[in-house]
Protein chains: 2
Amino acid sequence: MSPVSASTTRVLNAALERKIMSAEEAAGLIRSGDQVGMSGFTGSGYPKTVPVQLAKRISEAHFRGEKFQVSVFTGASTGPELDGALAMAGGIHLRLPYQSDPETRKRINSGEMEYMDIHLSHVAQFVEYGFLGKLDVALIEVTAVLEDGRLIPSSSIGNNKTWIDQAERVILEVNAWQPMALEGMHDIYYGLEAPPNRGPIPLTSAGQRIGSPYLQVDPKKVAAIVLTDSPDRNSAFKAPDEASKKIAGHILEFLSWEVKKGRMPANLLPLQSGVGNIANAVLFGLEEGPFEGLTSYTEVIQDGMIRLLKSGKLASASATAFSLSPEMLTEVNAHMASYRDRIVLRPQEISNHPEIIRRLGVIAMNGMIEADIYGNVNSTHVMGSRIQNGIGGSGDFARNGYLSIFMAPSLAQKGAISTIVPMVSHIDHTEHDVQVVVTEQGLADLRGLSPRQRAHLIIEKCAHPDFKPLLADYLDRAERLSYGKHTPHLLTESLSWHQRYLRCGQMKPKQEN
Amino acid sequence: MSPVSASTTRVLNAALERKIMSAEEAAGLIRSGDQVGMSGFTGSGYPKTVPVQLAKRISEAHFRGEKFQVSVFTGASTGPELDGALAMAGGIHLRLPYQSDPETRKRINSGEMEYMDIHLSHVAQFVEYGFLGKLDVALIEVTAVLEDGRLIPSSSIGNNKTWIDQAERVILEVNAWQPMALEGMHDIYYGLEAPPNRGPIPLTSAGQRIGSPYLQVDPKKVAAIVLTDSPDRNSAFKAPDEASKKIAGHILEFLSWEVKKGRMPANLLPLQSGVGNIANAVLFGLEEGPFEGLTSYTEVIQDGMIRLLKSGKLASASATAFSLSPEMLTEVNAHMASYRDRIVLRPQEISNHPEIIRRLGVIAMNGMIEADIYGNVNSTHVMGSRIQNGIGGSGDFARNGYLSIFMAPSLAQKGAISTIVPMVSHIDHTEHDVQVVVTEQGLADLRGLSPRQRAHLIIEKCAHPDFKPLLADYLDRAERLSYGKHTPHLLTESLSWHQRYLRCGQMKPKQEN
């Protein structure tokens, strides 16, 4: 589709049509020092041309010896045309929240870029409350501009409502690649006032709609509209590996047990699952499992969820973004009408809101980098100092959900790293927020257990046999020699596994190999 | 007041009156292995005679060589007649949640007692959901039993509603020492269904009432009623020391600044403050400060809050318990009628509910044991392994509040310990949940800052001059030598301050003294 036809079909408001300009011109409206709220959540719905042109401007300014940097706030991770391009140009001063771009990660970990890792449910309100300073620009991808100026959102919502409301100037990318059939799938809630005027959010089931399918924008704030025709760049689908399948198996067995014991309804409670291989494996497992009439209240719609919707096992899915493989995207775009009634995309302040997560009783299933024997979980930092992607929404769901499950294979780096360690090198989810830990070895149900009881169980159920004796030895000595015996630790040794990895490339001491 | 007159005036239901028996007889209804939900929150409203008799039974059983232990669930901390007596007898298998009894703490840290430290807002629902097994007995102090069998709660509510609803057998202590004028002050919400049937909690302001002033109990479950006439044992009031006053000063200055910048209404937002000296100092500061029409949505009503109510600065206070000095208690009991309209006591599942805390926009102010340079906070463990009291509700408020403030003097143990350390030895509140750190040295506003920016600010504003150069040196070397530069750490050194304290009794290296 050419920009011209996009213009005629996708920008139906005459006043706004006059704001159409090139990506280069639009990028010219962004100034050094600006704080820019951009759309985008897990590779969906991010602006695809203005950031590239902005990166070009920044590079040219740097080439001339001028300083040019912006702060970039998003929904979560985006695509290479946004994070990649801007990071490569050295154009980002501060980035928040979640990111997963290799170039961005490199710059953050080399100390060249400031990054602030905050809960996804906090982002919109922190900006609204003024905690992060003034938002200068909102740069938002949409599917279309209606005659009355309302906007059809694209494949993610994230913080778009807040960016548009809070920013001084708004730049829209109208992406003709996004199917018009998305219209009606979104649910933008405009009732969330700031305290002290906030009332209850009237959402009581995962698939319910409480808002409008459209974003509103004050036309006077719209500084530019750019026409694009570019695909989202999501990752290709990878079939679950053996470890993921085993983890999924343990979780499904556990959920069946919970139903049997009367601690959960037969159709479970709304499912949240993080992104990735293991999460998909769990969803695949549910496809063959005994549960019917499932619901999902989560951040992203992955391939596995579409399959569950297709098979009829999943009644409805709520999220803030799609995160589909190209093949699945083709399928969904072709049959959008049949999915539209069963999928709701919401602002992330609603998809991740503590009030709703607690009320619905969400089952939170999230990946982790490592867990320690006491059930503290590290989701973000490799060896305590190197950020991976960020906490995302895992804290929103784990803290306020009905049950919080954390999962990972028991080994990483071909066995050099044990996922279960004496003490994690960074904590994102404390002992108070982790109820179940799962690896391919097994599942540890930590509910009702003291730290020492948890430690014995996690070692027994979750640790890889290669590391089990080492962990048992640590715990045994800590139980005898620790200063306090509530959470026994030998501080001279508690982080020694990580130290050894940094020194020798493996966590195991030499004599153990 | 004698037991007899208590009987005639305080147990007005004829059927229940027939259940009156001695504490010794009632204690005889509790079996080894029972899980017992007891009333009590910060030294208020705990059962005062049955636990003592139970401890006696347990001691006698142990003397005979028989095993006798129970699991004790409460609201939070209690008094020496409960935690102290039972711990001393070795009668507690598992204790949860918050506790502050010296004997209990000793047993936990010697490894003789299992203790599970969970968020106060989780306790009731974990029992209701069946996560902690069956609740055998509820042992609850009340002020009176009405003709129709409803109960007037006493000076704390805690988890009493849930214990009474969930337990197989109920034992009531009717305490004639509690003033009858408490009637009407409580607000027991019976509308909180378990997911998937949970709806919004209709509470939209701190002082609002949404439930009943009375607890309900199925009379068939009442196994015993014991008449008592014993005072709550709360701590004596200590006037704020210099460090506390300075901390309070920094916080008040900060809040004034937030109002000035339009980030908070002129009457602030509902205040939550932890227990203790610093919290009281903040409340005292508010008494002389510029703010009018304040509200409070917190766990406990302390002396400072009563003074604020008296002066008219505080319009209303919501909590789950009183925690007053004996002098202030006399004052309140004498003028209960004048306070009753402005104080609401709620179940802790409501006082600490994420939904309400987020909606009202509570300003969370909590004490801490230590914070690290990146803003992670340890609220519970001394030197990583020895439990102090527990996390209490600090996580409920910090995570879901409008602003989370953590506060402590910059030094402990006469200067041997620095409250600001390179890496905390245990984490209860992660970098994602801490917005402001305050010591008597100053206040660090961490909003919008990356970890490295936070580290420089915390060292500059909060660290004691004795430790500032050591922290700056650590950070400087970590910024150069760390594996990743996002959260720079030297893992061989990050816990060395704690190690040194355990070895030498002080955190500073010898040559620095």
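Predicted model, so just to flag it, every value in this text is computed and none were measured. Note: hydrogens, waters and symmetry copies are ignored here, and every other heavy atom, side chains too, is used. Order of the sequence lines fixes the chain letters, A, B, ..., with proteins taken first and strands second; residue numbering starts at 1 for each chain.
Contacts of B:Pro451 with chain A are made by both backbone and side-chain atoms, with heavy-atom separations under 4.5 Å. When heavy atoms are compared at a cutoff of 4.5 Å, A:Ile108 approaches chain B by way of both its backbone and its side chain. Residue contact with chain B, scored on non-hydrogen atoms closer than 4.5 Å, involves the side chain of A:Gln125 exclusively. Neither the backbone nor the side chain of B:Leu268 comes within contact range of chain A, judged by heavy atoms closer than 4.5 Å. If you measure heavy-atom distances from B:Glu479 to chain A, you find no contacts under 4.5 Å at all. For B:Pro196, the parts sitting under 4.5 Å from any heavy atom of chain A are the backbone and the side chain alike. The part of A:Leu449 that comes within reach of chain B is its backbone (N, CA, C, O), which places non-hydrogen atoms under 4.5 angstrom from that chain. Of the atoms belonging to B:Asp445, not a single heavy atom falls under 4.5 Å from chain A. Contacts of B:Leu269 with chain A are made by side-chain atoms alone, with heavy-atom separations under 4.5 Å and no backbone atom involved. With a 4.5 angstrom heavy-atom cutoff, A:Glu431 touches chain B only via side-chain atoms. Using a 4.5 Å cut-off between heavy atoms, B:Arg399 touches chain A through backbone and side chain atoms alike. Using a 4.5 Å cut-off between heavy atoms, A:Arg263 touches chain B through backbone and side chain atoms alike. With a threshold of 4.5 angstrom between heavy atoms, A:Ile201 approaches chain B through N, CA, C or O but not through any side-chain atom. Only the backbone of A:Ser110 has a heavy atom closer than 4.5 Å to any heavy atom of chain B. For A:Asp117, the parts lying under 4.5 angstrom from a heavy atom of chain B are both the backbone and the side chain. Proximity to chain A (any heavy atom under 4.5 Å) is shown, for B:Ser121, by both the backbone and the side chain. With a threshold of 4.5 angstrom between heavy atoms, A:Leu132 approaches chain B through side-chain atoms but not through N, CA, C or O. In this structure, chain A has no heavy atom under 4.5 Å from any part of B:Leu96. Of the two parts of A:Met113, only the backbone, made up of N, CA, C and O, holds a non-hydrogen atom closer than 4.5 Å to a non-hydrogen atom of chain B.
Within the 3.5 Å criterion, the main-chain N or O of B:Phe397 finds no donor-acceptor partner in the side chain of B:Asn352.
Shortest non-hydrogen contact noted between A:Leu120 and A:Pro97 is CD2-CG, 3.5 Å. What you find for A:Ser404 and A:Val434 is that their closest heavy atoms are OG-CA, 3.4 Å. Between B:Gly375 and B:Leu446, the closest heavy-atom pair is CA-CD1, 4.2 Å.
Considering only heavy atoms from C-beta on, B:Pro270 stays 4.5 Å or farther from B:Tyr402 through its side chain. Inter-residue side-chain proximity for A:Met423 and A:Leu491 is flagged as met; some heavy-atom pair is nearer than 4.5 Å. Under the 4.5 Å side-chain criterion, counting only non-hydrogen atoms from C-beta, B:Arg107 is not in contact with B:Arg95. Within the 4.5 Å cutoff, the side chain of B:Val127 has no heavy atoms near those of the B:Gln35 side chain. Residues B:His498 and B:Leu502 fail the side-chain proximity criterion, which asks for heavy atoms closer than 4.5 Å. Side-chain contact between B:Leu203 and B:Tyr297 is present, with heavy atoms from C-beta onward closer than 4.5 Å.
Looking only at heavy-atom pairs under 4.5 Å with chain A, the residue among B:Arg452, B:Glu112, B:Arg386, B:Lys485 that has the most is B:Arg386. Of the residues considered (A:Gly199, A:Pro202, A:Ser482), A:Gly199 shows the highest number of contacts with chain B, using heavy-atom pairs under 4.5 Å. Contact tally against chain B (heavy-atom pairs below 4.5 Å) for A:Arg105, A:Glu193, A:His353: the top residue is A:His353. Between chain A and the residues B:Ile357, B:Thr295, B:Leu94, B:Ile391, the most heavy-atom pairs under 4.5 angstrom are made by B:Ile391. Top candidate by heavy-atom pairs under 4.5 Å with chain B, chosen from A:Leu192, A:Asn109, A:Ile356, A:Thr204, is A:Asn109. Listed options B:His119, B:Lys261, B:Met116 were ranked by heavy-atom pairs under 4.5 angstrom with chain A; first place goes to B:His119. Counting heavy-atom pairs closer than 4.5 Å to chain B, the top residue among A:Ser496, A:Gly484, A:Ser385 is A:Ser385. Most heavy-atom pairs under 4.5 Å with chain B: of the set A:Pro195, A:Gly130, A:Gly384, this distinction falls to A:Pro195. When each of B:Leu490, B:Asn267, B:Asp433, B:Ile118 is scored by its heavy-atom pairs under 4.5 Å with chain A, the top score falls to B:Asp433. In terms of heavy-atom pairs under 4.5 Å with chain A, the best-connected choice from B:Arg358, B:Arg447, B:Glu258, B:Arg503 is B:Arg358. Counting heavy-atom pairs closer than 4.5 Å to chain A, the top-ranked of the candidates B:Pro200, B:Gly361, B:Ser71 is B:Pro200. For the set A:Met383, A:Arg359, A:Gln435, the entry with the most heavy-atom pairs within less than 4.5 Å of chain B is A:Arg359.
Counting only N and O atoms by type, the side chains of B:Ser394 and B:His429 include a donor and acceptor under 3.5 Å apart. Between the side chains of A:Gln453 and A:Ser450, at least one donor N or O lies within less than 3.5 Å of an accepting N or O. When only modelled atom types and interatomic distance are considered, B:His381 and B:Ser425 share no side-chain donor-acceptor pair under 3.5 Å.
Between A:Tyr374 and the choices A:His489, A:His456, A:His486, A:His432, the ring pair (Phe, Tyr, Trp, His ring centres under 6.0 Å) rule is met once, by A:His489.
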The test is side chain to side chain contact (heavy atoms under 4.5 Å, CB included); show your working for A:Thr380 and A:His426 and say whether it passes. CA-CA 8 Å; A:Thr380 59; A:His426 186 269; 3.3 Å; yes
Given the rule in the side chain to side chain donor-acceptor pair (under 3.5 Å) test, do A:His122 and A:Asp396 qualify, once you have shown the distances and angles that lead to the verdict? CA-CA 9 Å; A:His122 273 165; A:Asp396 298 320; 6.0 Å; no
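Judged as a side chain to side chain contact (heavy atoms under 4.5 Å, CB included), and not counting sequence neighbours, the contacts of A:Ile369 are A:Asn378, A:Val382, A:Gln388.
When the shell of 6.0 Å around NZ of A:Lys106 is examined, it contains 12 or fewer heavy atoms from other residues, nucleotides or ligands.
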